Amino acid sequence: VNSRARQLLNKAFFEAERATWLYTAPNPRVGALAMKSGHIIGYGYHQQFGGPHAEVQALRDAGAWDPNANKAIAGVVDQMVVTLEPCSSTKGKKQPPCSQALLDAGVQQLLVGAVDPDPRHAGAGLSQLRQAGIQVEVAETWAQSRFEQQNPAFLAHLQYPTRPWILLKWAASLDGKTATDGGVSQWISGPESRQEVHDLRALSDAVLCGKGTLLADDPQLTARRSPEAYPRQPKRVMVGGLAEVQAEAKLFESSQPRIWACGLEDQLPTWLSLQFPDDVCLRVPGHDHGLDLSTLLQRLHQDFQVGRILVEGGAHLHGSLLQAGLLDAVVRYEAPTLMGGSFASYLGPSCQHPRQALSLEHEERRDLGKDLRRAFLVQRRSASPTTPDKSTEA
Ligand SMILES: NC(=O)c1ccc[n+]([C@@H]2O[C@H](COP(=O)([O-])OP(=O)(O)OC[C@H]3O[C@@H](n4cnc5c(N)ncnc54)[C@H](OP(=O)(O)O)[C@@H]3O)[C@@H](O)[C@H]2O)c1
């Protein structure tokens with residue numbers, strides 16, 4: 001591409017930079033420009049999972065989007081610049097395909113940074129647009145590399161197309177404790193941190209919670225922000241025996257979907273199925289330490305279209321996921337307190353040597369009130385904490 005095209009793509013990559021993987025994963029960070037007669041008239045980036053894609057954001061910014069019809073307005077924009085090829089498939093998507101939005105807008109020229117590395121989509125959007133008569137130009141490998149550098153979470157998750165992207169979240173004191181020895185954890189973190197957790201719930205397809213947490217904390221597991229409500233709510237998935245679940249639990253105060261993951265022989269208590277007939281009993285095989293979480297996550301992906309899941313504890317559930325290698329990222333809200341006791345962020349066997357610890361990378365750090373929020377991606381190359389390290393074996 002020529003130097004002007006390179007300059008435009010750099011601007012679009014700069015837009016993508018405004019997003020954080022914590023909010024977009026497993027979707028990529030993408031930036032877009034909407035242009036008319038060679039001038040940029042709209043900027044956009046994909047801000048969060050489940051939200052509008054960068055192309056639509058740029059069309060909106062340019063005044064080329066009709067919110068009532070949820071459709072592009074023709075003739076306002078004639079060229080678009082996007083860091084990633086526009087999506088063209090509707091399968092599993094929460095948004096209409098961007099290729100259609102570009103056609104509706106009457107775009108004549110498209111400049112693209114990277115071809116979609118997902119083999120299920122690679123090049124399909126570009127072919128569709130070329131066939132429709134749009135002049136499509138794709139940049140050289142420098143742009144593909146820049147896209148890849150910006151998108152470690154998206155690229156890593158392409159290896160796991162049959163399960164959701166899994167984010168573990170917890171609040172802890174400075175000494176790493178997530179509850180008192182008596183099991184009390186409300187509240188360790190401050191209001192700003194708790195508000196962000198509501199944001200993370202709202203952009204997740206599901207929230208996962210262990211029975212221990214359910215009984216100790218009595219959570220609602222909904223996304224709440226007063227006065228305005230969130231447009232999306234997660235499905236709520238609970239794991240563990242159902243015998244101790246009470247009708248008075250706060251989970252039942254809202255009608256957002258509830259999925260009870262339990263053993264193959266289990267069923268919902270009669271009172272629960274009678275009072276809440278829409279509640280789902282999802283039976284999965286078990287083993288010595290509880291339910292087979294890999295099967296559970298695959299079922300949630302395939303049968304309930306869960307592409308992103310937020311795991312809200314507790315320590316045993318986190319420990320099982322960690323041991324099974326079923327996590328993509330962690331987010332921790334650290335309060336400036338010392339709690340003492342033995343309730344760690346996750347319970348499970350430790351590694352034999354610190355060099356065997358699971359490595360975390362690509363930190364997203366933010367001050368939230370008095371707390372420090374740190375989010376990390378799991379480094380895919382490293383061994384799991386329980387994998388024997390050959391270098392230490394005699
Ligand atoms: N600070 C924070 O951010 C935070 C967040 C959440 C919770 N907490 C605290 O953590 C405590 C609860 O944590 P917890 O560790 O006791 O309980 P938990 O992890 O919430 O739940 C564990 C239960 O889940 C069920 N389960 C089913 N399959 C499992 C599997 N494969 N692996 C693990 N569990 C499985 C089991 O119930 P069955 O035996 O019935 O199958 C197990 O007893 C509470 O004190 C809560 O306040 C703190």
Side-chain angles (χ1 to χ4, degrees), residues 163 166-191 193-198 200-201 207-221 236-246 249-251 259-269 281-300 309-327 330-335 337-349 368 371-375 386:
R163 67 155 173 80
I166 305 164
L167 172 65
L168 267 57
K169 160 256 143 188
W170 67 89
S173 56
L174 190 63
D175 52 336
K177 301 301 183 284
T178 56
T180 63
D181 279 348
V184 182
S185 69
Q186 290 166 329
W187 300 104
I188 293 172
S189 55
S193 298
R194 301 205 300 274
Q195 190 57 65
E196 185 178 77
V197 173
H198 285 282
L200 293 179
R201 282 180 185 168
V207 173
L208 182 66
C209 178
K211 187 187 83 176
T213 302
L214 209 59
L215 297 180
D217 297 353
D218 192 17
Q220 296 183 55
L221 300 176
R236 298 170 294 169
V237 186
M238 285 67 66
V239 297
L242 286 151
E244 292 146 279
V245 178
Q246 303 286 324
K250 289 201 185 117
L251 268 182
I259 299 173
W260 301 91
C262 50
L264 291 175
E265 309 297 322
D266 294 333
Q267 51 189 356
L268 297 183
C281 179
L282 178 58
R283 295 185 186 88
V284 288
H287 47 57
D288 291 350
H289 311 293
L291 300 177
D292 179 349
L293 298 171
S294 177
T295 306
L296 169 64
L297 288 158
Q298 284 182 21
R299 290 280 312 274
L300 289 173
I309 193 161
L310 179 69
V311 186
E312 297 222 26
H316 284 96
L317 181 60
H318 284 172
S320 297
L321 289 165
L322 208 100
Q323 264 191 288
L326 291 168
L327 79 166
V330 295
V331 56
R332 166 189 153 121
Y333 298 88
E334 182 188 283
T337 58
L338 295 170
M339 282 178 40
S342 56
F343 227 111
S345 318
Y346 81 86
L347 294 169
L368 286 167
D371 302 336
L372 172 61
R373 182 262 272 157
R374 302 181 73 187
T386 48

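All heavy atoms count here, side chains included; hydrogens, waters and symmetry mates do not. Everything numeric here is computed off the predicted structure, so don't read it as measured data. All ligand and atom numbering here is 1-based and tracks the order in the structure.
When Gly183, Cys209, Ser294, Cys262 are ranked by how near their heavy atoms come to atom 45 (O) of ligand 1, first place goes to Gly183. The option with the heavy atom closest to atom 35 (C) of ligand 1, from among Val239, Asp218, Val197, is Val239.
When each atom of ligand 1 is checked for a heavy atom of Glu312 under 4.0 Å away, the hits are 5 (C), 6 (C). For ligand 1 and His289, the ligand atoms under 4.0 Å from any heavy atom of the residue are 29 (C), 30 (C), 31 (N), 32 (N). Proximity to Ala216 (heavy-atom distance under 4.0 Å) selects the following atoms of ligand 1: 44 (C), 45 (O). Every atom of ligand 1 is numbered from 1 in the order shown, and the set under 4.0 Å from a heavy atom of Trp170 is 3 (O). The Ala179 neighbourhood of ligand 1 comprises atoms 45 (O), with distances under 4.0 Å to a heavy atom of that residue. Residue contact check: Leu317 has heavy atoms under 4.0 Å from atoms 19 (O), 33 (C) of ligand 1. For ligand 1, the atoms sitting less than 4.0 Å from at least one non-hydrogen atom of Ile188 are 1 (N), numbered in the order shown with element in parentheses. Against a heavy-atom cut-off of under 4.0 Å, Gly241 is close to the following atoms of ligand 1: 38 (P), 40 (O), 41 (O).
Formation of a donor-acceptor pair under 3.5 Å by the Gln186 side chain with backbone atoms of Asp217 is found in this model. Although no hydrogens or angles enter the test, the distance criterion places no donor-acceptor pair under 3.5 Å between the side chain of Ser189 and the main chain of Arg194. The main-chain N or O of Met339 is never found under 3.5 Å from a side-chain atom of Thr337 such that the two would form a donor-acceptor pair. Judged by distance alone, the side chain of Asp371 and the main-chain N or O of Gly190 form a donor-acceptor pair under 3.5 Å.
Atom CH2 in Trp260 sits 5.5 Å away from atom CG in Leu214 (nearest 0.5 Å). With rounding to the nearest 0.5 angstrom, the NE2 atom of His289 is 11.5 Å from the NE2 atom of His316. The CZ atom of Arg201 sits 4.0 Å away from atom CD of Glu312, with the distance rounded to the nearest 0.5 Å. With values rounded to the nearest 0.5 angstrom, Leu327 atom CG is found 12.0 Å from Ser320 atom OG.
For atom 7 (C) of ligand 1, a protein non-hydrogen atom is found at a distance below 4.0 Å.
The protein heavy-atom contact nearest to atom 48 (C) of ligand 1 is Thr178 O, 3.2 Å. Nearest protein neighbour of atom 16 (O) of ligand 1, counting heavy atoms only, is His316 ND1, 3.7 Å. Counting only heavy atoms of the protein, atom 3 (O) of ligand 1 lies nearest to Ala171 N, 2.8 Å. Closest protein heavy atom to atom 21 (O) of ligand 1: Gly212 N, 3.0 Å. Counting protein heavy atoms only, atom 29 (C) of ligand 1 is closest to Leu291 N, 3.7 Å. Annotation: atom 23 (C) of ligand 1 to nearest protein heavy atom, Lys211 N, 3.8 Å. Among protein heavy atoms, atom 18 (P) of ligand 1 sits closest to Gly314 N, 3.4 Å. Protein heavy atom nearest atom 32 (N) of ligand 1, with residue, atom name and distance: Ser320 OG, 2.5 Å.
Ligand 1 has no nitrogen or oxygen under 3.5 angstrom from a nitrogen or oxygen of Lys169. Considering both main-chain and side-chain atoms, Leu293 never comes within under 3.5 Å of ligand 1 through any nitrogen or oxygen pair. Below 3.5 Å of separation, one finds no N or O of Gly290 facing any N or O of ligand 1.
A donor-acceptor contact under 3.5 angstrom links the side chains of Ser345 and Trp170, judged on distance only.
Under the 4.5 Å side-chain criterion, counting only non-hydrogen atoms from C-beta, Leu208 is not in contact with Ile166. You'll find the side chain of Met238 reaches within 4.5 Å of the side chain of Leu251, heavy atoms only.
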Practice item. List the steps, then state whether side-chain contact (heavy atoms from CB on, under 4.5 Å) holds for Leu300 with Leu296. Key: CA-CA 6 Å; Leu300 289 173; Leu296 169 64; 4.1 Å; yes
Practice item. Decide side-chain contact (heavy atoms from CB on, under 4.5 Å) for Gln267 and Arg283; before the verdict, give the C-alpha distance in whole Å, the side-chain angles of both, and the deciding distance to 0.1 Å. Key: CA-CA 8 Å; Gln267 51 189 356; Arg283 295 185 186 88; 3.7 Å; yes
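The shortest non-hydrogen separation linking Thr178 to Ala344 is OG1-O, 3.1 Å.
Within the 4.0 Å heavy-atom cutoff, Phe343 counts among the residues contacting ligand 1.
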